[in-house]
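Position 1 is the first residue of the sequence; numbering continues from there. Worth saying up front: this structure is predicted, and the values here are computed from it rather than measured.
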Amino acid sequence: MDRKRLTTSFVIAAVISFIVLLLLNDFGITWDEPTYMVSGDMYVAWMKKPELTKKDNVFRATLDLHPPLRKILTGITHEVLTQRLRILDNTRGYRISSLLFVFPFILVFSYIAIGQFGYLFGIVLPFMYSLLPHVLFLTPLVTLDYAIASLWFIAVVTGMKGVTSYKWLTISAVIVGLSLLTKLHGFLLFIPIAMYLFWYYRRTKRNVIKRLGYLIVIAFLFYVVGWPWLWTSPIAHVSEYFRIQLEHTSPSVYIFGQIYPHAPWWYTPLMFLTTTPVFVLVLFFIGATYAIFKGRTWDRLILMNALFPIVFFSLPWVYRYDWVRLFLACFPFVCLVAGRGIAVIISSLRPSLRSIGMIIILSAWMVTVYQSVIRIHPWESAYYNEIVGGIHGAYQMGFETDYWGNANLAILSWMNANKKDMMCVSPTTNPFYYYQAMGSLEPGVVFNAERDACKYIIISMRQGLFVRDPFVARIVQTQQPVYTVSIDDVPLVSVYNIEK
């Protein structure tokens, strides 16, 4: 390994990890986080006093639908840094576990980017990825999406090296195993790795079967060992896990002013095209064009991995919702393809103009970061790009405004100031229980009253879910809110007086 390149990558990873550390409390508690936090604490409690007779009750997939790795790490950081050392508050104590994925991923990503594009743009690309608005929002959360995207990238790039080296293939297999322990997406990882193996050994199929079998065995060994629920009846329990996932109901989505019970196939590419900054999209399409017509094998492999999650989540029978969250794994590869786009632009200029070209590209990127992140922080979860007229234009066109309750954080002060009145919340109360337990919401605030007893209803503007509650839809359509959290004149969460 190149020591200078590795040291530079280490510094980049440390800087980005520090940025994430500073942002741990900036975003609101999302709907899934309290459940994962409880699971993490429960796992750690069992690990401190393991009882085999209780492992199924603790680790069963029916409790929160997913394998335990991300939540185990969450429970450990909370136990050590909050419960024992008392150096972080509860939210930071849970969310700091995200750095266990941020640092190694950025280290690997930076090392590859510098190797491909040199130090200047090799340094820029990890920041380009990390400062994509929806990536930045998802990074510090106690959720599974950034974790699986990070593991996915490392597994694929080590798997590419693993076609000729069992050392790298073993590393890839271990990372695939950790991906399986994080989310169902881990099973999809076998597809791009197997495709590359079949292509590389297209004339000697025996090597493909041998290496692919080795990868699968090692990955599933880690999968079974890392999930205590699979220690007994692993086949039956994996089958049950798949049954649970297949029975999971897809939330309805709101696009172009219409609610779809199941998002159409074009939802995925539409979300990619409308929630990725235009600057990055332009560079991506330039890099993709080069990869298709002039690129090396490496360029085409990176492009294939950028497109694979988008294509998969466009298939008719696959669930898709929550904007880009489910196919977040495409974005590291998208940024590498964008890096190729930068290289194509610079190489097309006369040598005397290349420095000016670099300055223009860097300036355009910094303007993009300001417009898509700094200006709207902490509401990156609501970002839409210029193709649809930004956040306000998307709202006017009938796009969903928010999807995970980030803006509820800004409604707490109003709730505390009006705690004498009964309130109810839509669509979920889960984060508010956490806020009240942590002291952000005062003890006297009643947010879960019966609808008939409420004076106020607090509504998160996830319009796709209004179909579940016609009352909420009617209130939003016919009444003016008494209080609103908004960005660019677009409501993210609103309070309505429904007292009769």
Pairs meeting criterion salt bridge (Lys or Arg N to Asp or Glu O under 4.0 Å) with involvement of residues 219-238, two or more places apart = none
Ignoring hydrogens and angles, write down the donor-acceptor pairs under 3.5 Å from the side chains of residues 101-114, residues two or more places apart or on other chains.
unit_1 : atom_1 : unit_2 : atom_2 : d
Ser110 : OG     : Ile106 : O      : 2.7
Tyr111 : OH     : Asp2   : N      : 3.0

remark   = Applied to residues 277-298, the salt bridge (Lys or Arg N to Asp or Glu O under 4.0 Å) test, sequence neighbours excluded, yields Arg296-Asp299
key: Qualifying salt bridge (Lys or Arg N to Asp or Glu O under 4.0 Å) pairs with a residue from residues 267-280, counting only residues at least two apart or across chains   = none
In residues 128-143, what donor-acceptor pairs under 3.5 Å come from side-chain atoms, sequence neighbours left out?
unit_1 : atom_1 : unit_2 : atom_2 : d
Ser130 : OG     : Pro126 : O      : 2.9
His134 : NE2    : Tyr383 : O      : 2.9
Thr139 : OG1    : Val135 : O      : 2.6

key: Residues in side-chain hydrogen bond (donor to acceptor under 3.5 Å, both in side chains) contact with Ser314, at least two apart in sequence or another chain   = none
Only distances under 3.5 Å count here; give the side-chain donor-acceptor pairs of residues 271-293 to other protein atoms, sequence neighbours excluded, each with its distance to 0.1 Å.
unit_1 : atom_1 : unit_2 : atom_2 : d
Thr274 : OG1    : Leu270 : O      : 2.8
Thr275 : OG1    : Met271 : O      : 2.5
Thr276 : OG1    : Phe272 : O      : 2.8
Thr289 : OG1    : Phe285 : O      : 2.7

request  = Sequence neighbours left out, what pairs pass side chain to side chain donor-acceptor pair (under 3.5 Å) with at least one residue falling in residues 214-227?
outcome  = Thr170-Tyr214
task = Kindly state each residue pair satisfying side chain to side chain donor-acceptor pair (under 3.5 Å) with at least one member in residues 174-194, sequence neighbours excluded.
result = Asp145-Lys183
request  = State which residues pass side chain to side chain contact (heavy atoms under 4.5 Å, CB included) with Glu79; sequence neighbours excluded, sorted by chain then number.
outcome  = Val44, Lys48, Gln83, Arg84
query = Which pairs, with at least one residue in residues 36-65 and sequence neighbours excluded, count as a ring-ring contact (aromatic ring centres under 6.0 Å, His included)?
reply = Tyr43-Phe59, Trp46-Phe59
message = Filter on salt bridge (Lys or Arg N to Asp or Glu O under 4.0 Å), then keep only pairs touching residues 94-111, sequence neighbours left out; what's left?
response = Glu33-Arg95
